[in-house]
Amino acid sequence: MKFYNTNGIPTETPLEDCFYITEHINYELVFSAGDQTYEIEKICIQLRDHLAKKIFGDIETYHGYFTTPIFPFASLAGIDAEIRLSKEDFETLVHGIEDKSKLFRLLYYFDVENLISTLQNSILETKYIIGEFYRTLNNNSFLVHNDLTVVDDGIQYASGYIVTNITSLVNHLFINLYSQMDFTTKIIYELENLHIDFLTYPKLKSKDTVYGDSKKTAFREMPGSIYEMSDEIRIIMYLRNEIVHNASIDSVPKVYQNIKNKRLIEKFILLPDFNNGIIKTFKNRKRFFNDDTKLNEILPALITEFWNSLKFTLSEIK
């Protein structure tokens, strides 16, 4: 079995007291510690039940809708590719169903439920991206030719097409994490402002809600939640904004290689200098690299803290 380590050098046995990822026979990537995805998944399932009780009164009434002819249509049409239906056909079907109150209640439930599903999928993507990041960092030398180094001892770097695969994963990761904060805020806002009148098909009140709108909810700056401005949340926000608005967290994306006696002993990606999660800047300059902060070294703790905050936030939704 191969162990993917944070220093970018794979081993046949785990390094002592270090985070690592292993790959199972079915290609599943397993974390040595900090994986909160199963616990968050369980909370999301409980959120669905909570939502059903609020909209239908109790779970039994909701389950009673399963046998109605409109159930497959209401649960998937316009949401999932499993039902092939145009927008025009959807409208025609809606107009043709007599029990509008029952239909609108179901449609609305699955609109809100889809927010929870999207969040769940995004969390699973995060786990995959992190696993793929460490697998890529460990399995690639990022050398133009294997065993051909620029220096015998010291630090060199690779850039350009050689690092495109891993920098794409980094970009996807931080956009993904910020999206989870957006969708969590949507879920909270919608559940705090649920529709109770189904004479018409209600629009989601959270349609345009984003992470910054948490001030409109009871979760504003809640300690322990994703709305408490921890160092980890600030770093995620900054890196996501850099990627979205400036295309990269570095002017030239690089993977650094530590060479000793012509042998590769470490690979890493540097992050700019932060102070309490806030980027250090001077005038127009905001990418200082004096602290040797290595993304691959801090990522496990950052993700664990983020997942802990997310898990707490979701568990507090009433």
Side-chain angles (χ1 to χ4, degrees), residues 1-15 18-41 44 117-144 146 157-183 232 235-236 239-240 242-244 247-250 252-258 264 266-271 293-308 310-311:
M1 181 180 288
K2 187 182 287 187
F3 294 84
Y4 301 133
N5 300 300
T6 56
N7 67 359
I9 307 299
T11 55
E12 297 301 320
T13 56
L15 300 178
C18 291
F19 174 86
Y20 60 82
I21 288 176
T22 54
E23 187 173 0
H24 283 192
I25 252 176
N26 62 355
Y27 303 109
E28 181 186 5
L29 294 166
V30 179
F31 295 13
S32 62
D35 184 1
Q36 302 282 340
T37 54
Y38 295 109
E39 289 85 353
I40 295 172
E41 182 85 5
C44 287
S117 295
T118 302
L119 175 63
Q120 286 177 278
N121 291 334
S122 182
I123 291 163
L124 291 178
E125 276 186 18
T126 294
K127 181 178 177 180
Y128 169 80
I129 294 167
I130 295 167
E132 195 60 32
F133 170 80
Y134 282 110
R135 176 162 58 186
T136 303
L137 184 67
N138 278 255
N139 284 342
N140 290 271
S141 67
F142 301 100
L143 299 171
V144 176
N146 285 336
Y157 70 82
S159 62
Y161 75 93
I162 298 175
V163 304
T164 300
N165 53 354
I166 198 163
T167 53
S168 296
L169 289 169
V170 172
N171 292 350
H172 189 179
L173 173 63
F174 286 100
I175 292 171
N176 186 276
L177 291 173
Y178 197 97
S179 293
Q180 289 169 38
M181 298 197 294
D182 280 339
F183 269 89
E232 291 77 16
I235 289 172
I236 289 168
L239 293 178
R240 177 266 185 188
E242 276 296 288
I243 292 160
V244 169
S248 174
I249 60 175
D250 198 353
V252 179
K254 308 177 189 73
V255 174
Y256 288 87
Q257 301 135 319
N258 190 355
L264 193 56
E266 181 191 16
K267 287 164 277 179
F268 57 91
I269 294 174
L270 285 177
L271 288 181
T293 304
K294 300 170 183 176
L295 172 63
N296 41 295
E297 293 291 350
I298 72 163
L299 187 57
L302 185 146
I303 293 298
T304 296
E305 286 301 312
F306 175 78
W307 275 341
N308 282 337
L310 181 61
K311 184 172 69 171

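Numbers for residues simply follow the sequence, beginning at 1. Please read all numbers here as calculations on a predicted model, not as lab measurements.
With hydrogens and angles left out, the side-chain atoms of Asn176 and Gln180 include a donor and acceptor closer than 3.5 Å.
Looking at Leu177 and Ile303, their side chains come closer than 4.5 Å, going by heavy atoms from C-beta outward. Contact check for Phe133 versus Ile166: side-chain heavy atoms found under the 4.5 Å cut-off. Within the 4.5 Å cutoff, the side chain of Asn165 has heavy atoms near those of the Phe142 side chain.
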> Between His172 and Tyr128, does a side chain to side chain contact (heavy atoms under 4.5 Å, CB included) hold up when you go through it step by step?
Replying inline: CA-CA 11 Å; His172 189 179; Tyr128 169 80; over 6 Å; no
> Checking side chain to side chain contact (heavy atoms under 4.5 Å, CB included) for the pair Val163/Lys254: CA distance, chi angles, key distance, verdict?
Replying inline: CA-CA 7 Å; Val163 304; Lys254 308 177 189 73; over 6 Å; no
>> Set out, in order, the CA-CA distance, both residues' side-chain angles and the distance that settles side chain to side chain contact (heavy atoms under 4.5 Å, CB included) for Leu310 and Gln36, then state yes or no.
In response: CA-CA 10 Å; Leu310 181 61; Gln36 302 282 340; over 6 Å; no
>> One pair to check against side chain to side chain contact (heavy atoms under 4.5 Å, CB included): Val244 and Phe174. What are the steps and the verdict?
In response: CA-CA 10 Å; Val244 169; Phe174 286 100; over 6 Å; no
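We find the CD1-OG1 distance between Ile123 and Thr118 to be 11.0 Å, quoted to the nearest 0.5 Å. Atom CG of Leu239 and atom CG of Leu173 lie 9.5 Å apart (nearest 0.5 Å). The distance from the CD atom of Glu12 to the NZ atom of Lys2 is 7.5 Å, given to the nearest 0.5 Å. Here OG1 of Thr37 is found 13.0 Å from CD of Glu125. Values are rounded to the nearest 0.5 Å. In this structure, the separation between NZ on Lys294 and CD1 on Ile298 is 12.0 Å, given to the nearest 0.5 Å. Separating the CH2 atom in Trp307 from the CG atom in Leu302 is a distance of 11.0 Å, to the nearest 0.5 Å.
Across Ser32 and Cys18, no two heavy atoms sit closer than the pair OG-O, 4.1 Å. The two residues Leu29 and Glu132 come nearest to each other via the heavy atoms CD1-N, 3.6 Å. Of all non-hydrogen atoms in Ile269 and Val170, the two that sit nearest each other are CD1-CG2, 4.3 Å. When every heavy atom of Val252 is checked against every heavy atom of Ser159, the shortest pair comes out as CG1-CB, 3.9 Å. Considering all non-hydrogen atoms of both residues, Tyr134 and Thr6 come closest at CE2-CA, 3.7 Å. Taking all atoms of both residues into account, the shortest heavy-atom contact from Ser141 to Gln257 is O-NE2, 3.1 Å.
For Tyr27, there are no side chain to side chain donor-acceptor pair (under 3.5 Å) partners, not counting sequence neighbours. Applying the side-chain contact (heavy atoms from CB on, under 4.5 Å) criterion to Asn5, with sequence neighbours excluded, gives Phe3, Asn7, Thr11, Leu15, Tyr20, Asn138. Scored by the side-chain contact (heavy atoms from CB on, under 4.5 Å) test, Ser179 finds Ile175 as partners (sequence neighbours excluded).
Asp35 places no side-chain N or O within 3.5 Å of a backbone atom of Val30 that could act as its donor or acceptor partner.
Aromatic ring pairs are classed by plane angle as parallel below 30°, tilted from 30° to 60° and perpendicular above 60°; the pair Phe31 and Phe19 is perpendicular.
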